Amino acid sequence: MSSSRKSLRLAWTAAGSGSGGQVHHYDVYRRNADGSRTYLGATPNDAYFVPQLDRAGAETSTTIEVEAVSTEYGRSAAATATVAWSGEPGEENRALGRPATASGQCAADEGPAKAVNGSVTGGNSDKWCTLTADRWLEVDLGEARSLTRFVVRHAQAGGESAAFNTRDFMIQVRSAASEEWKTAVTVTGNTAAATTHPVTLTTRHVRLSISKPTQNTDSAARIYEFEAWGR
């Protein structure tokens, strides 16, 4: 999903009768930067789905307000929730859902596509895994993209032991399949569950090359997501 657009599932505790009568419905608003409000909809229930909320400019957060409206048209004080926006406006994970290939896979359901499916919560099979001696994962972004950062989500991000987090790896890039790979990021001694690597480059093909897959002698590389953020 774009970092400039979200869908929301809102839920709240039903209001009592202190707003001038029994609750008839709830009004949902977006608070704008100039102090005005944009009406998003109404519901008689204590939950509401916003199918599309767009980021306004470079704002870092958006406030959502919910008011209870009584049968006598009294209004409660607004309950608020804050929606945080990450990254720069228009920035997206350009690797998401793109064609991926790899040096191998540990099991039939642990192929390279699992590393670009946008999920880390699907259990142990929601990852790319390989036991090959030369461990690599490649993603074709489809066209040259201006990238600002890579994010790698290692074993612990998917619920596995921190001992299986990738220790040493490189991220490489090339603009065409006929070109040599160029190293953009080198990491040694990592212990974190997720790592972020700022870059400023334009490329089509990205490659994660792993030299030490774990913190111990386990030889399996486990990557739950390989993300390439940019425009």
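Sequence positions, counted from 1, serve as the residue numbers for this chain. As the structure is a computational prediction, the values presented were derived from the model and not from experiment.
A distance of 4.0 Å separates CD of E65 from CZ of R31, quoted to the nearest 0.5 Å. For the atom pair OG of S146 and CZ of R94, the computed distance is 9.5 Å after rounding to the nearest 0.5 Å. The distance from atom OG of S175 to atom CD of E143, rounded to the nearest 0.5 Å, is 12.0 Å. R207 contributes atom CZ, which lies 8.5 Å from atom OG1 of T101 (distance to the nearest 0.5 angstrom). I210 contributes atom CD1, which lies 12.0 Å from atom OG of S219 (distance to the nearest 0.5 angstrom). In this structure, the separation between CZ on R55 and OG on S61 is 9.5 Å, given to the nearest 0.5 Å.
Contact check for E91 versus R149: side-chain heavy atoms found under the 4.5 Å cut-off. Two residues are said to be in side-chain contact when any heavy atoms from C-beta on lie closer than 4.5 Å; V50 and K6 fail this criterion. Between N124 and Y224, some side-chain heavy-atom pair lies under the 4.5 Å cut-off. Using a 4.5 Å heavy-atom cutoff, the side chains of N190 and H154 are in contact. Looking only at side-chain heavy atoms (C-beta outward), F169 and T195 come within less than 4.5 Å of each other. Within the 4.5 Å cutoff, the side chain of S211 has no heavy atoms near those of the M170 side chain. Counting only heavy atoms from C-beta outward, the side chains of V206 and F226 approach each other to under 4.5 Å. Between V151 and E225, the closest side-chain pair of non-hydrogen atoms is not below 4.5 Å.
Scanning all heavy atoms of the two residues, the minimum distance from T203 to V173 falls at OG1-CB, 3.5 Å. Contact detail for A115 and W128: the closest heavy-atom pair is CB-CB, 3.9 Å. Looking at every heavy atom in both residues, C129 comes nearest to A220 through SG-CB, 4.1 Å. Of all heavy-atom pairs between A163 and N216, the closest is CB-ND2, 3.6 Å. Closest non-hydrogen pair, L8 versus F49, comes out as O-CD1, 3.1 Å. In this structure, S161 and A155 approach most closely via the heavy-atom pair O-CB, 4.1 Å.
Between the side chain of N117 and the main chain of L96, no donor-acceptor pair closer than 3.5 Å is present.
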Check against side-chain contact (heavy atoms from CB on, under 4.5 Å), T166 and V187: CA-CA 10 Å; T166 318; V187 176; over 6 Å; no
Trace of the side-chain contact (heavy atoms from CB on, under 4.5 Å) decision for R204 with D140: CA-CA 6 Å; R204 172 173 174 172; D140 182 353; 2.7 Å; yes
Trace of the side-chain contact (heavy atoms from CB on, under 4.5 Å) decision for T188 with K212: CA-CA 9 Å; T188 58; K212 185 168 178 51; over 6 Å; no
Test log, rule side-chain contact (heavy atoms from CB on, under 4.5 Å), inputs I171 and V199: CA-CA 11 Å; I171 299 175; V199 294; over 6 Å; no
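The six-membered or imidazole ring of W12 lies near that of Y26, with a centre-to-centre distance under 6.0 Å.
Ion pairing of E110 with K127 is present here, as a side-chain N (NZ or NE/NH1/NH2) and a carboxylate O approach within less than 4.0 Å. A salt bridge does not link E180 with K182: none of the charged nitrogens is closer than 4.0 Å to a carboxylate oxygen.
Test E160, Q156, R222 against N165 for side-chain contact (heavy atoms from CB on, under 4.5 Å) and you get one pass: Q156.
Cluster annotation: Y48 and V66 are assigned to the same hydrophobic cluster (Ile/Leu/Val/Met/Phe/Trp/Tyr, side-chain heavy-atom contacts under 4.5 Å, transitive). Cluster membership check: V185 does not share its hydrophobic cluster with W136, using side-chain heavy-atom separations under 4.5 Å among Ile, Leu, Val, Met, Phe, Trp and Tyr. One hydrophobic cluster holds both V116 and L141 under the rule that ILVMFWY side chains link at heavy-atom gaps under 4.5 Å. In this structure, L10 is not a member of the same hydrophobic cluster as Y29, with clusters built from ILVMFWY side-chain heavy atoms closer than 4.5 Å.
In this structure, a donor-acceptor pair under 3.5 Å is absent between the side chains of S103 and D134. Side-chain contact, S36 with D34: a donor N or O sits under 3.5 Å from an acceptor N or O. W229 and E227 are linked by a side-chain donor-acceptor pair at a separation below 3.5 angstrom, with hydrogens and angles left out of the test.
Dense packing is recorded around NE2 of H205, with more than 12 heavy atoms of other residues, nucleotides or ligands lying under 6.0 Å away.
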